[in-house]
Amino acid sequence: IIQFNLPYDQFYEKAESRAKKGEKVKAFQATKKSIVKSFSKISKTGHELPIINAISAEIDNSTLQKLKASPMVKKVTLDRKAHTLLDESVDQIHARDVWSYLDSNGETLTGKGQTIAIIDSGVDYTHADLGGCLGSGCKVVGGYDFVSAAPDPMDDNGHGTHVAATAAGKGLLNGIAPDAHILAIKVMDSDGFGSYSDILAGIQYAIDPNNDGSSDDHADVINMSLGSSVG
């Protein structure tokens with residue numbers, strides 16, 4: 001994971017003008033272009049990660065040495081692996097106790113009008129309790145598979161579906177926010193493991209789903225029931 005030295009600290013900021021955002025996009029892309037030019041023929045780029053002013057990449061040692069000496073590079077971090085976890089449930093956090101309460105708009109606190117990004121192993125959106133479909137008008141409004149670089153975030157492990165149902169399932173047993181929508185972001189493989197860079201790309205997607213440099217369309221909540229041990 002290669003972090004850039006850029007003339008700003010945060011890519012996404014509230015109440016930022018379109019012109020200022022455009023300047024940041026240009027600075028990010030120009031720096032990326034210059035850095036990638038120093039890559040060897042066997043090195044290759046991965047995800048763009050503006051959320052941390054970085055990109056992911058597979059590089060060899062000669063490229064690493066060039067990056068370490070470059071004034072455009074702030075830090076190079078090894079891309080590690082994380083794994084799935086699930087420690088909480090509806091009853092443990094007493095979610096049922098607040099479903100009858102009303103928010104400032106007079107709506108019950110069941111997640112109505114909110115979108116939860118499930119960053120996990122995908123979501124089985126065909127399940128009835130998760131809406132039975134994918135896309136506009138469905139409970140699972142969209143998503144992406146960063147493991148396979150594909151638009152279909154179908155779960156091939158089961159963990160992400162479990163998490164999604166706990167967060168927002170609606171059926172025989174409701175989740176914590178049964179009226180919320182879900183953004184399914186697959187970053188973990190069929191064995192429940194995923195790279196840090198895919199996870200960061202998933203967070204990036206949740207913050208800016210249409211990838212236009214603005215976070216206006218961000219998910220309201222991000223859930224990651226994941227963990228890792230570094231050693």
Side-chain angles (χ1 to χ4, degrees), residues 1 8 10-29 32 45-56 82 111-127 130-157 159-161 163-170 175-189 194-226:
I1 299 173
Y8 56 84
Q10 295 180 335
F11 188 86
Y12 296 102
E13 294 185 57
K14 291 183 177 180
E16 189 170 54
S17 69
R18 182 172 296 182
K20 183 64 175 179
K21 179 59 66 179
E23 291 175 8
K24 288 184 176 181
V25 171
K26 288 181 180 179
F28 181 92
Q29 293 298 336
K32 175 188 173 182
T45 59
H47 302 302
E48 287 190 356
L49 305 169
I51 187 175
I52 58 169
N53 295 327
I55 60 172
S56 64
K112 187 176 181 180
Q114 304 295 300
T115 298
I116 303 172
I118 304 296
I119 300 178
D120 210 287
S121 62
V123 174
D124 181 2
Y125 47 80
T126 65
H127 194 288
L130 295 171
C133 58
L134 172 69
S136 179
C138 300
K139 187 174 188 65
V140 182
V141 294
Y144 193 78
D145 176 359
F146 285 95
V147 176
S148 301
D152 186 351
M154 176 56 74
D155 189 1
D156 57 3
N157 172 272
H159 187 272
T161 301
V163 171
T166 300
K170 188 170 186 178
I176 293 165
D179 290 323
H181 287 109
I182 294 169
L183 191 62
I185 303 173
K186 180 174 173 57
V187 299
M188 313 302 280
D189 62 22
S195 68
Y196 283 12
S197 59
D198 278 352
I199 294 168
L200 285 165
I203 298 172
Q204 175 74 40
Y205 182 89
I207 291 173
D208 184 10
N210 65 2
N211 195 33
D212 68 348
S214 172
S215 60
D216 292 345
D217 55 343
H218 65 82
D220 298 289
V221 177
I222 291 176
N223 183 93
M224 295 190 298
S225 296
L226 313 174

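The main-chain N or O of Q10 is found under 3.5 Å from a side-chain atom of K24 such that the two form a donor-acceptor pair. A donor-acceptor distance shorter than 3.5 angstrom exists from the side chain of D155 to the backbone of T161, with no hydrogens or angles considered. Formation of a donor-acceptor pair under 3.5 Å by the K139 side chain with backbone atoms of A168 is found in this model. Although no hydrogens or angles enter the test, the distance criterion places no donor-acceptor pair under 3.5 Å between the side chain of D179 and the main chain of G111. Without hydrogens or angle criteria, Q114 side chain to A180 main chain gives no donor-acceptor distance under 3.5 Å. The backbone N or O of S121 lies less than 3.5 Å from a partner atom in the side chain of K186, making a donor-acceptor pair.
In terms of heavy-atom proximity, G194 sits nearest to I199 at O-CD1, 4.4 Å. Heavy atoms only, all atoms of each residue included: Y12 and S215 are closest at CD2-CB, 3.7 Å. Minimum interatomic distance between I119 and I222 (heavy atoms only, all atoms of both residues): CD1-CG2, 3.5 Å. Closest approach of P153 to Y125, counting heavy atoms only: CD-CE2, 4.3 Å. The heavy-atom pair separating Y8 from N53 by the smallest distance is CE1-OD1, 3.2 Å. Of all heavy-atom pairs between S197 and L49, the closest is O-CD2, 4.0 Å.
Rounding to the nearest 0.5 Å gives a distance of 7.5 Å between CG of D120 and CG of N223.
A 4.5 Å side-chain heavy-atom check between E16 and F11 finds every atom pair outside the cut-off. Between M188 and L226, some side-chain heavy-atom pair lies under the 4.5 Å cut-off. No side-chain heavy atom of L200 sits less than 4.5 Å from a side-chain heavy atom of H47. Contact of the H218 side chain with the D208 side chain is not registered, since no non-hydrogen atoms from C-beta on lie closer than 4.5 Å.
The side-chain hydrogen bond (donor to acceptor under 3.5 Å, both in side chains) analysis of residues 140-149, with sequence neighbours excluded, yields the pairs D145-S148.
For the side chain to side chain contact (heavy atoms under 4.5 Å, CB included) with L134, the lone residue among V141, V140, I182 that qualifies is V140. Exactly one residue among T115, D217, D216, I185 makes a side chain to side chain contact (heavy atoms under 4.5 Å, CB included) with P209. That residue is D217.
A salt bridge is absent between E13 and K20; no separation between the charged side-chain nitrogens and carboxylate oxygens falls under 4.0 Å.
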